Number of protein chains: 2
Amino acid sequence: MPVTIEDVAKAAGVSIATVSRALRGLPNVVPSTRDRVLKVAEELDYSADPHASRLASGRTMTVGLIMPLTGQWFYNKVATAIEAVLMEEGYDVLRYSVESVEQESQVFRKLIRRKRVDGLVFITIAIDPESLARLTNAQLPVVTIETETGIFPAVTCSNYDAARAATQHLCNLGHREIGLISGLPDDPLHFGPPGERKRGYLDVLARQGIPVRPELDVPGNYSLAGGAEAMATLLSVSDPPTAVFAFSDEMATGALKTIQDLGLRVPDDISIVGFDDHDFAEYLHLTTVRQPLDLMGETAATLLLRLLHGETDVPVRTELDTKLIVRATTGKPPR
Amino acid sequence: MPVTIEDVAKAAGVSIATVSRALRGLPNVVPSTRDRVLKVAEELDYSADPHASRLASGRTMTVGLIMPLTGQWFYNKVATAIEAVLMEEGYDVLRYSVESVEQESQVFRKLIRRKRVDGLVFITIAIDPESLARLTNAQLPVVTIETETGIFPAVTCSNYDAARAATQHLCNLGHREIGLISGLPDDPLHFGPPGERKRGYLDVLARQGIPVRPELDVPGNYSLAGGAEAMATLLSVSDPPTAVFAFSDEMATGALKTIQDLGLRVPDDISIVGFDDHDFAEYLHLTTVRQPLDLMGETAATLLLRLLHGETDVPVRTELDTKLIVRATTGKPPR
DNA sequence: TTGTACGCGTTATCAT
DNA sequence: ATGATAACGCGTACAA
């Protein structure tokens, strides 16, 4: 039923080889022939069967997105941006949700052993050494977002600067007891975005001569519920913080609820800074750090495209600017 | 480099045909042979090349998701649920973002003419007659979510009942001037979810003997900003509503901000009901209608799977229950 | 039950 | 510049 390259060849009075060349813009086709082929193809509404094409060429024209929490705002935002540019270039993009390390290696084997994809982009996921070896070994183009391998091009945002700006903002307002709602409990410090953010926080504290209180750093799992719980924990320590810096707007929002439920007011009793500039942030008057998610996704996609095109001089690290957006959840400390 | 079916055949001492049968669980393979093949395949870490397989079998093992606003919470939630069950069954799923009618027909032609996909699920998108004809003509398995064709299996939620419950809730509290922040400006009434919701709203009004005021129905484009603007509009009419029912939580949240920015209080001055039970809703204390998005996605995926398996007796309509979740943005009208 | 051989629709190589 | 034709890796009638 579907029209094949042969149909086009017949209709244009040439061979399938010529049709293939003409349609793909390859050289060695006389303009007049090319035009005729193009016209016929258009009339017949022909386009190459992707599966046949992939089989023959070896290129799958597919890229995989490896990421956790597919349902979360952050990931969807980034993934959507990536999809937009990649699909525009004719690539299919598949989202692989990976929650556990076990799942990760499973997905890996499937993807690599069969050359299911031409390239991969890892969002946030830390790649373990073994997987890393497999990837480099497979010669697969890879780009990472908000995570670094030292090998593959990475795109991040200025987490350190952002954390400094956020913390400094709080200090400028007069806060000295500043809590942290960080990410995952077992996150290795000084590695990846959360590490960078904490480093920024600590540096500002040091510069301000504010003593570090480890009990003021509570993980919130990047979730609304986690943020709410973390806030409750922070409020229960003796001499609780007058300001809190949360590593995501979801956690900040959870914190906001806990505060409100306790009858406290923001920012009169306590200040909150989030991270991301979530779509909802403006509507919650949330002071936060804006991350250029769209741009991060586009950048990663563009880098991958370059890798896919065989370029080898792509920047190994691209850091995008963040920006502190001051809204109404931050103010002077009480009294 | 990659191991082929031939490698497995050789190693197992059988023909590729037998390997193919054994691996795919087809009959006419002696258990001992099958076991041997399975074992060898496992050892060699073999799996069939999807592209070759697709070319040969004609099945693409791919399904497409046609939806607008890929970046929005609602769509991502549903899409994620669909992906989970479909990918589990070995299908690749591609998300096609369609914003305009023009784009829609473009995507269509690409998808259908080449049998790019084995099936399609339309989320929210109304299928125009021409496309509908093409689809039925192509014999392509299709399932729709929150939109109905009368031909393909559809899964929806009880929009009418939900709207009745929401409106009734407001009436029970004593409200009589109830505004609506509906969806798109040009949405044909009585068709699709927004129509159903409006119908539910109108029916309750009628039963309560409350006159309909057309100026109290303002579209909000399902966005935060749209909701905020719509609320401003509603507040500017003479004798403004004391309660508002928004057709999405995003719009409700936008409305909340407008109200707050104007120095009014919720629910003392005005009540708000949303729709969706967005992840953020609980944290905004938002009274809303819970829609079982995960279940809707899973249901649609399962239906599609049945169609894909050649079943013909699938229910043409599946309506899932919604539930009014009363939180703190609704209360008695002022005075 | 198992194997042979052809076909799927392209790409790519090598003649012409 | 153009045309045969051999892969590509697998599914599947058909034969054995």
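Heavy-atom basis, side chains included; hydrogens, waters and symmetry copies ignored. Naming: A, B, ... by sequence-line order, numbering from 1 per chain. On a predicted model such as this, the values are computed, not experimentally measured, just so you know.
- Taking 4.0 angstrom as the limit, B/S57 places none of its side-chain polar atoms (N or O) nearer than this to OP1 or OP2 of D/dT12.
- Salt bridge annotation for A/D92-B/R95: absent, with no cationic side-chain nitrogen under 4.0 angstrom from a carboxylate oxygen.
- Here D/dG9 presents its P atom at 17 Å from CG of B/L23, a figure rounded to the nearest Å.
- Going from atom CE of A/M61 over to atom P of C/dT10 covers 15 Å, rounded to whole Å.
- Following rounding to the nearest Å, B/I5 (CD1) and C/dC6 (P) show an atom-to-atom distance of 18 Å.
- The phosphate of D/dG9 (OP1 or OP2) has no side-chain N or O of B/Y46 nearer than 4.0 angstrom.
- Across all strands, A/A17 comes closer than 4.0 Å to base atoms (heavy-atom distances).
- One can place NZ of A/K115 at 16 Å from P of D/dC8, the figure rounded to the nearest angstrom.
- Distance B/R59 CZ to D/dC10 P: 15 Å, rounded to the nearest Å.
- Across all strands shown, B/S20 has heavy atoms under 4.0 Å from base atoms, whether or not it also approaches the sugar-phosphate.
- For B/F122 and B/F108, the ring centers are positioned less than 6.0 Å apart.
- If you check every strand for non-hydrogen atoms under 4.0 Å, A/D49 touches sugar and phosphate atoms only.
- With no hydrogens or angles considered, a side-chain donor-acceptor pair links A/Y75 and A/T124 at under 3.5 Å.
- Remark: P of D/dC10 and CD1 of B/I16 are 8 Å apart, rounded to the nearest angstrom.
- For the residue pair B/S32/B/D35, the side-chain donor-acceptor check at 3.5 Å is not satisfied.
- Between C/dT1 and B/T33, no contact under 4.0 Å exists linking OP1 or OP2 to a side-chain N or O.
- Residue contacts shown for A/R54 are absent, as no nucleic acid heavy atom lies under 4.0 Å away.
- Between A/L26 and A/L55, the residue anchored nearer the 5' end of DNA chain C, judged by the nucleotide with its closest heavy atom, is A/L55.
- For the pair B/I145 and B/A300, the tightest heavy-atom approach, listed with the atom from each and the gap, is CD1-CB, 3.4 Å.
- For B/S15 and C/dG3, the shortest distance from a side-chain N or O to OP1 or OP2 is below 4.0 Å.
- Atom CG of A/N28 and atom P of C/dT11 are 16 Å apart (whole Å).
- Here the C1' atom of nucleotide D/dG11 and the NE2 atom of A/H51 are 15 Å apart, to the nearest Å.
- Note on A/S53: every side-chain N or O is 4.0 Å or more away from OP1 and OP2 of C/dG9.
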